Amino acid sequence: MQEIVGTSNKILEVDLSTGVTSIGEITDKDRRDYMGGKGLGLKLLYDRLKPGVDPLGEENIIAFMPGVLMGTGAPCSGRFEAVTKSPLTGIMVTASCGGPFGMALKTSGWDALIIRGAAKNPSYLFIDSKGAEIRDAKGVWGKDTREAQAALEKEGASVVIGPAGEHLVRYANLCSGHRFLGRGGMGAVFGSKNLKAVVARGGEFKIVPVKKKKFDKARKTLNRYISRNSITSGSYRNFGTNANVNLSNAAWILPVRNFSGGSHGEAHKISGETIAENYNTKYHTCKPCSILCGHKGTFAGKERSVPEYETTGLMGSNLEIFDPVAISEWNEICALMGMDTISTGGSLAWAMEATEKGLFESDLKFGFAGNISQTLKDIAYGKGVGKELGMGSKWLSRKYGGENFAIHVKGLEMAAYDPRGAFGQGLSYAVANRGACHLSTSLFTLEAYFDMASPKAKRGKATMVKFFENVYAALNSLHICHFTAFAVFLEPPLVKLSPTPVLKLLTQNITPVALAVMDISLWPELWSSVTGKRLGMLGFKKVGERVHVLERYMNTREGVSKKDDTLPGRMLSEPRKCDHKERTVPLDKMIGRYYRVRGYDKNGVPKDRLLRRLGIEKK
Amino acid sequence: MMHYNKYPEIKPGLKLLKRMYVVTMLFVFGRAFQAVSRVDRGAKEVFAKMPDDFVLDFCVVPNGPHMVVGKDEKGRIKYMGWNPAGKKVTIYMKIKNMDAAFRMLTFQESSCTATSRDRLIVDGDLPTACGVLHIMDLLEVLLLPKFLAKLGVKRYPKWSQLSPVRKWTSRLLTYVRLVA
Amino acid sequence: MILPEYYEFCCRVKTVAGHRALEKISPELVRMNAKKPMIITDKGVAGAGLIKIVSSAISSSKGGKTSVGAVYDNVPPDSDLKIVQEVAKLYRSKDCDSIIAVGGGSVLDTAKGVNILVSLGGDDLMQYAGSGAVKKKLKPMIAVPTTSGTGSEMTLVAVIADHERNVKLPFVSYFLLPDVAVLDSRMTRTLPPALTTSTAIDALTHACEAYTCMAKNPVSDSTALEAIRLIAGNVLNVVKKPGDLEGRLALANGSALAGMAFSNSMVGLVHMLGHATGGACGVPHGVCMSIYLPYGLEYNLHKTSHLTAELLLPLAGPEVYAATPKAERATKAIAVIRKLNQDLHEATQGRHARFLKEVIDRDGKQMVPKDALPTIANTAMGDATQFYNPEDLDFNDCMMVLEHAWEGIPLDLKKVKKGGKGIKF
Amino acid sequence: MQSPGDYGFFYQAKIMAGTGAMANIPVELDGFDARHPFVLTDKKTSDSGLPRKFVKALGESNTIIGALFDDVPAYSSVSLVKDLAQFFRDRGCDSVVAIGSGPVVDVAKGVNMAVSTGADVLGFEGVNRVPGHLKPLVVVPTAAIKPFDLTGNARIDGRKFSSAFLMPDVIAVDPLMVRGCCTECVLDTAMVSLSHAVEAYLSPSANPLSDAYASMAIRLIAEHLQKSLKRPGNKAASMGMANAAVAAAAAFDNQPVGVVHALGMELSLLTGNAPGLCMGILLPAALEYRRQMKQEARSELLMAMEGFDAYAGTPAGQRGEKGLRSLQLLFSKIAVLPRTLEELRVPRFKADEAIQEALKANPSLKKQDLSAVMGLAMKGVQ
């Protein structure tokens, strides 16, 4: 087998309209500036995608970017990124996935796959080391994600859309294995291109790091940290992300009844602990992985994936339904249809509340589980009321009213953490590049779970948000699993040995200093040992900043500005019953500070000075 | 659910200083009405035209202060105090609010300007109301120094219209009667 | 554009105008949930056959949702309490639910009185006299003016006489305003030329005074200018060609605009003398207006020449305005008005009076003898409009103006007493 | 003068504008037999201390404020209207006062519908569905006031309510309240007012009454815009702009919706940009389109823009053209206004969507006009 030392730096570009395939190269500068994954994907799109194109039009481009660490055996590195313009939000969307397609693409010898144009007939794309071939998808079109993958299995590992993507549901996702490129409606982009799947043969190349010794050392340290951390090797490993349910419930950040409450007496019924106890759960994860947060279990006699926390929150407590079996069934349907469970849950919750208030006609009701399965299928197939539900809650609320309780930012439905219980998370939601995304900073963990920052304070939050945005952007460009952050941040001796109240005092009062001394050198070490290019901790953070600002800048070219950096009306004006102090997110007071810290102008657009400093060429 | 306590009922406050000033000015004006009706030729003419049951209530709505001026049984103009209760008022001149009254009585707005800005509501016989406003203009000319009175009236009378002799006798006598 | 320190403007009346505006009455009634209107009018209007046009327009509406419930066509020119009570009784007995007043001032005042009674109940109108005593929405009321001039369809005042006690009761409230004023060219087509001219000049006066007096405001300015343009541009044509419906409509529009303007910005000297002359000698309002208008503008010239100058544009058109040097525009505007009076005088074969001494009644008798002038001046001193006039007036000033107007000679500006500074708006 | 033909005109709001306007509100309410207003505003207005000024102005009156609700959110909603209506009844209020603009006024109108009729407001959605007179509604505009707020229209939960009965009864424009806070806010209001006024003025169904208001609005904007943009807090300029908004409302309410308004509103809803920005770009494009279509511009536009002397001094044939140029000059002087929708980052596909939505909302408009204007606005007018 041939070897790739470090990175292949080869780009495969396919135009579905013309059928022309071309091969390009990633420049050394881009590699250093943007690493790979999300960052490099954005840069490639920045060079190719004109602003203002219709996300569902021929001109939109989607890029698949396997991670740099992928194939090297680094812990939790089995992930790849996809980047495109979202039909749900109209701005850039990046998503990451732990399915087998990434490894197949990478081991076919490609560091980037770029797809543009639109096929005339339903097609799928076959990729091997020689290039790409557009094949007729007559046989797989209309199939759900599992059947489609099974049908293509002999050709390689694939990334596919389900019926939802074919019917252009705005939050349809892409599926590879049993993992998903969840958010922002990439499935609809595939659907609009008449593209059912991309299959990569894989297994043609072997990936070896440039500095083997250094790499092994870093890998071992990280593995040690992971196995030592109480979350990565404890709660997440045992209960999956559903371990968050009880934590969120206690911290009043669990979405209840379309985010009108923050905790619920029945929440324990859907917690990770309860599910692990009752449903015979087993590991069911990305490959390779050392954390093992993914699980499957036996629900009502059938083996199904255990819903992730976001699914449990948005399709469970947020709909006032506390039945794990039902939630797992809907999770299964969404998986087969290829739909993002967060956006689906958010849209359903909006519909329930709007129906209750007389704004919308449907038979959906809070707490009523009976018709949800059917509604999910209707959404996927664009039938009846499902056709409009498939447009997402922003579209719905613009048409039917109820903007106050359409829980989205920039069109992307909010994940299952209520920002009224964690103000930093609120700021993070408002300014996150892809919309109300919990993964841009995951600040709720510090604020609500670990008590390392005061959840109801405004001070220091702008700096924290900036720091974590940069770090996570870099992580996504590396690409390694987010959850390694628990281990990397919490396990080095300095943090490990300091008592939590002291840490809280430091992060809250001298935020920039506290964040600067955090030791995150493991990640850049992994990168430089694999690629052989030097990168320090500062350089790593700067790459993160560059990636984040580039995405922001690309979004401002699509019309995003201060007006879009906001939270749903409910978060800003409606206090919750569980919070007797009746707090709402003081967003106005944090956002100006955030722009200053970031180097944006008053309108939220990156200043020229910032772009120059980061070496982003203005277009 | 709405938290009613967060939005309490609000009773807008008083404007004590303004009120005190207006009360004083109305008292002075009331006395001056009475005084000028006895000493000035022009004023006598105007008052003579008014009906015998003339009682004017010049006030700020809705809570006063009031100035009640009217003719007594002998047909003489008399200041009847600040309380209109129990008096048969034939003509009301109401200033719409305290701010407007203050503005008017500090001569920031002349009575004509105030009228054209709809600050004054007249309820009753219009010719009588015109007479009252004429007297007010006259009072301003008599009681106030020229630079102030000029702000209050449209046309400060020249010698030919108001001879200095009449002006000064009337002015003196009015002041004397006002204080006495 | 002058923005005064403070102003109020209110026009709660919906204006419906056009050659077939009467047909809109029915939908308007439906909009206000009324079906069975009562028509109130006077003999003259009924005699001219106008009521027939109105009722057929109401009844012939699509769907037949509305029909006339009753017609009272006997409102005298000096209506009083008794008439109001009588009409109210008829209204109640016929179960009507709205009022349509067709005619001039007296009809409208009566209709307003009737509306108070039938809406608030009882037979005692007295308790609602005074300003602001009516505090509830009344029944739907539609005004159809038959002269284009008075603008009384836009005013919130009603004056109703009590002949027994010999007093005139004023009623002032926004709720007295009709809901809709319907201006239809058919209603003024048969108006005789002399009446056409006097009512048109009446409206012109409203507009000119609204533009130059103390309570002017940007809205009244805009409406006044538009009104002047419409009236000055059309009145002569209409007098020469009485059947000119476009012109008739323009006059009606102009008068509605002028009504809007003056009911909000009030009027000055011209009306002060006009009311007095009407009261003392019985001269029709419109005639007084056309005589006094140039004098009123002249008297105030030293304070408002810049405003009077601007009147030249709508009065005479842009060409004349541009050709006149800036300093002379004000006097030119006054001259244009005098010329208009002269032209109308000729066009009506002398029936349109230019000076006071020319005013004659039906028997050809002079209505304003020269020795009546002091009485007029005296009455004028009790008229409230003087406060809106930019310059002060006393008895002697009134006499001076009256004498000039009687003779028909332009005002001797030297005789105008000037004092104080320019007016502050 | 265009021939007005048949027309109707209605604008019932009593305008009180100038120093001490708010202090007159109790008298006006008393005229409606109301002494217990329910006051609505939003947090932003409340934070700037304006409601306190309102309460102070009401001093020495018998008016008791039933409640000062200062939490109206950025989106008006039916459920809030319901809650507030209950609140209104519980406090025994008898009139509604709205301090602010946009959702505050919309919610105020909604509450008024609910408390006056006792019915569910959703039943009144559409045109002329409100059954009759409502309780007195007073609007106290702030700098962000849009003409739309001062008309008989309301937008609650994305639904349009349109009825003459929704018009405010009293508008109190007080210099204490209308001082602008920032250039953007001034520009937003000014461009919306100007668009409404110009569209009403150039509308084929313009009538003398709507003309009077439209020309007043245009003239006030032409006179005060520059100053107001340079110094948003200037009293005279702010009053000029606020008065212009009121006048534009009267004109707008009596003329059919024009291309600029229809497209501007939809674009604003779709992209989240301030309506003023969208209309400020669309209006020059619409004027250019008129010119291309050889539609005669009314000569009086020049008078409204530049005053009497310029109007009279220009030969009759050139007035219309010069008026348009003057208007375009006004636009070119506004430094903060983007020139094209591309500059505003409006993607083509959103623009197309806006055209579709505008057509759906206003079936009387022609698609070719909308597309042409939008096309010009995308690239800008040279």
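Order of the sequence lines sets the chain letters (A, B, ...), proteins ahead of strands, with each chain counted from 1. Just so you know, these numbers come straight off a predicted model, no measurement behind them.
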Between CG on residue B/Leu26 and NE2 on residue B/His66, distance to nearest 0.5 Å: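 Rounded to the nearest 0.5 Å, the CG-NE2 separation comes to 10.0 Å.
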Do C/Asn264 and C/Val219 come close enough that some side-chain heavy atom pair is under 4.5 Å?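 SC-SC contact between C/Asn264 and C/Val219 ruled out.
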Name the member of B/Cys130, B/Ser110, B/Ala129 that forms the most heavy-atom pairs with chain C at distances under 4.5 Å.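 Winner by heavy-atom pair count: B/Cys130.
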Top residue by heavy-atom pair count (under 4.5 Å) with chain C, among B/Asp118, B/Asp123, B/Thr128, B/Thr115?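 Of the options given, most contacts go to B/Asp123.
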Counting heavy-atom pairs under 4.5 Å with chain B, which one of C/Asn378, C/Asp383, C/Asp392, C/Thr379 comes out on top?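 Looking at each of C/Asn378, C/Asp383, C/Asp392, C/Thr379 in turn, C/Asp392 comes out on top.
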If the test is side chain to side chain contact (heavy atoms under 4.5 Å, CB included), which one of C/Leu176, C/Leu120, C/Leu138, C/Val84 qualifies with C/Asn115?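 By the side chain to side chain contact (heavy atoms under 4.5 Å, CB included) criterion, C/Asn115 pairs with just one of C/Leu176, C/Leu120, C/Leu138, C/Val84: C/Leu138.
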Side chain, backbone, both or neither of C/Asp394 within contact of chain B (heavy atoms, under 4.5 Å):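 Interface part for C/Asp394: both.
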Report yes or no: do C/Ser265 and C/Tyr211 form a side-chain donor-acceptor pair below 3.5 Å?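 No, no side-chain donor-acceptor pair sits under 3.5 Å.
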